[in-house]
Student: 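I have a structure I would like to understand better, so I am pasting it below and will then ask my questions one at a time.
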Amino acid sequence: MHFDAHRLLRLVPFGLGLAAAAIFILPGLSDGSSAYAGLASAEFVLPLLGVGVLIGQLPTRVAIVGIAVLAFGGVVGLWSRELVYGLLAPVPGAASHLFLSGPIACATVGLVLLLPPGLRQLFSVPAMAVAGAAVAIATRLSDPTLFAAHYPLTAPLLQAAIILSTAWAASAFRSPPAIIAARILGSWMFAAALLYGGAYVAARDTGLTPPAFADFPNTPPEAKGAP
């Protein structure tokens with residue numbers, strides 16, 4: 001199989017993005033001083049990378065529609081976020097973990113990546129709507145600046161840069177091995193979503209409540225229950 005070396009040029013924006021992140025963003029993430037620290041966790045970065053790979057491996061027309069639906073889903077998600085909060089509020093631990101928006105986005109994109117290329121085209125567009133809404137809600141809820149003027153603009157731009165640079169790199173590799181690699185990525189994303197979501201729900205009771213003391217033999221009735 002002939003390999004065009006010029007395809008490697010599409011990795012340049014992705015590499016430049018990684019270098020810029022290492023120089024300008026990672027120091028602030030390590031010490032917690034960056035406003036984007038809340039968006040640097042695996043549950044929020046993985047959906048962005050997954051969306052980029054999905055867009056890059058889709059046909060051009062479907063990819064363009066997917067990008068538009070992704071942005072539209074983000075706008076609708078922000079506009080109807082109160083409805084989403086109400087729907088997910090009964091889920092244990094949802095409110096304290098950004099209403100599980102990260103695991104929802106990760107699981108949605110991961111499931112579509114698991115599909116064969118033909119089925120991806122059918123389910124990618126609705127998946128983009130769900131992922132866009134979930135990522136937008138997560139970005140809104142994880143704003144540590146108390147809604148400073150720059151954050152609602154710069155955070156989506158940073159996320160868009162991650163998606164588009166990943167899509168540009170992935171578009172150069174649509175061979176069967178690349179499709180298999182994308183399906184493996186999808187399985188990892190779906191597993192990570194289950195692990196994160198399950199851990200959030202399982203850890204809903206964070207109170208340190210000691211168990212009741214057992215009664216000792218021959219304990220006087222008036223002393224029962226005393227520590």
Side-chain angles (χ1 to χ4, degrees), residues 3-30 34-75 77 101-102 105-106 108-110 112-114 117 120-121 124-125 127-136 138-139 142 150-175 177-189 192-193:
F3 177 75
D4 187 359
H6 292 288
R7 293 182 181 181
L8 295 177
L9 293 176
R10 299 196 179 187
L11 297 176
V12 172
F14 190 76
L16 292 176
L18 291 178
I23 296 173
F24 300 108
I25 299 178
L26 288 183
L29 298 180
S30 60
S34 173
Y36 312 106
L39 299 177
S41 60
E43 60 176 313
F44 293 130
V45 174
L46 274 178
L48 302 180
L49 296 176
V51 168
V53 172
L54 180 59
I55 290 175
Q57 293 187 344
L58 287 173
T60 302
R61 292 183 179 179
V62 181
I64 293 174
V65 174
I67 293 173
V69 172
L70 181 71
F72 180 74
V75 173
S101 50
C106 208
T108 302
V109 179
V112 177
L113 284 174
L114 278 170
R120 280 188 196 176
Q121 299 184 35
S124 59
V125 174
M128 291 293 181
V130 176
V135 170
T139 305
S142 61
H150 74 279
Y151 187 85
L153 176 63
T154 57
L157 287 177
L158 178 61
Q159 293 168 331
I162 295 173
I163 292 174
L164 294 178
S165 61
T166 305
W168 180 255
S171 64
F173 305 96
R174 299 182 181 180
S175 60
I179 298 297
I180 294 174
R183 299 183 73 175
I184 294 174
L185 174 63
S187 66
W188 288 351
M189 291 177 60

Student: Check side chain to side chain donor-acceptor pair (under 3.5 Å) between Q159 and all other residues, then give those that pass, not counting sequence neighbours.
Tutor: T139

Student: Rounded to the nearest 0.5 Å, how far does CD1 of I184 lie from CG of L114?
Tutor: 10.0 Å

Student: Return the minimal non-hydrogen interatomic distance between V53 and A182, and the atom names on each side.
Tutor: CG1-CB, 3.8 Å

Student: Checking V75 now: which residues fulfil side chain to side chain contact (heavy atoms under 4.5 Å, CB included) with it, not counting sequence neighbours?
Tutor: none

Student: Check the pair R61, V65 against side chain to side chain contact (heavy atoms under 4.5 Å, CB included), reporting the backbone distance first and the verdict last.
Tutor: CA-CA 6 Å; R61 292 183 179 179; V65 174; 5.7 Å; no

Student: Can you list the residues that meet the side chain to side chain contact (heavy atoms under 4.5 Å, CB included) rule with A127, with sequence neighbours excluded?
Tutor: T108, V112

Student: For a quick test of reading the model, state the closest non-hydrogen atom pair linking V135 to A105 and the distance between them.
Tutor: CG2-CB, 4.2 Å

Student: Taking all non-hydrogen atoms of both residues, which atom of L113 and which atom of G186 are closest, and how far apart?
Tutor: CB-CA, 3.7 Å

Student: Between P117 and Q57, is there a side-chain heavy-atom distance shorter than 4.5 Å?
Tutor: no

Student: How would you list, by chain and number, every residue that makes a side chain to side chain contact (heavy atoms under 4.5 Å, CB included) with A71, sequence neighbours excluded?
Tutor: none

Student: Ignoring hydrogens, what is the shortest heavy-atom contact between G50 and L185? Give both atom names and the distance.
Tutor: CA-CD2, 4.5 Å

Student: Got a second to check how far T166's OG1 is from L54's CG, nearest 0.5 Å?
Tutor: 12.0 Å

Student: Please report the shortest heavy-atom distance between F44 and A138, naming the atom on each side.
Tutor: CE2-CB, 3.3 Å

Student: Starting at CZ of R183, measure out to CZ of R120 and round the result to the nearest 0.5 Å.
Tutor: 7.0 Å

Student: What distance separates S165 OG from L48 CG, expressed to the nearest 0.5 Å?
Tutor: 10.0 Å

Student: What heavy-atom pair brings A170 and G52 nearest, and what distance separates the two atoms?
Tutor: CB-O, 4.3 Å

Student: Say you draw a straight line from CG of L58 to OG of S171; how long is it, rounded to the nearest 0.5 Å?
Tutor: 11.0 Å

Student: For A167, check side chain to side chain contact (heavy atoms under 4.5 Å, CB included) against everything at least two apart and list the hits.
Tutor: I55

Student: Atom CD1 of I67 and atom CG of L164: how far apart are they, to the nearest 0.5 Å?
Tutor: 6.0 Å

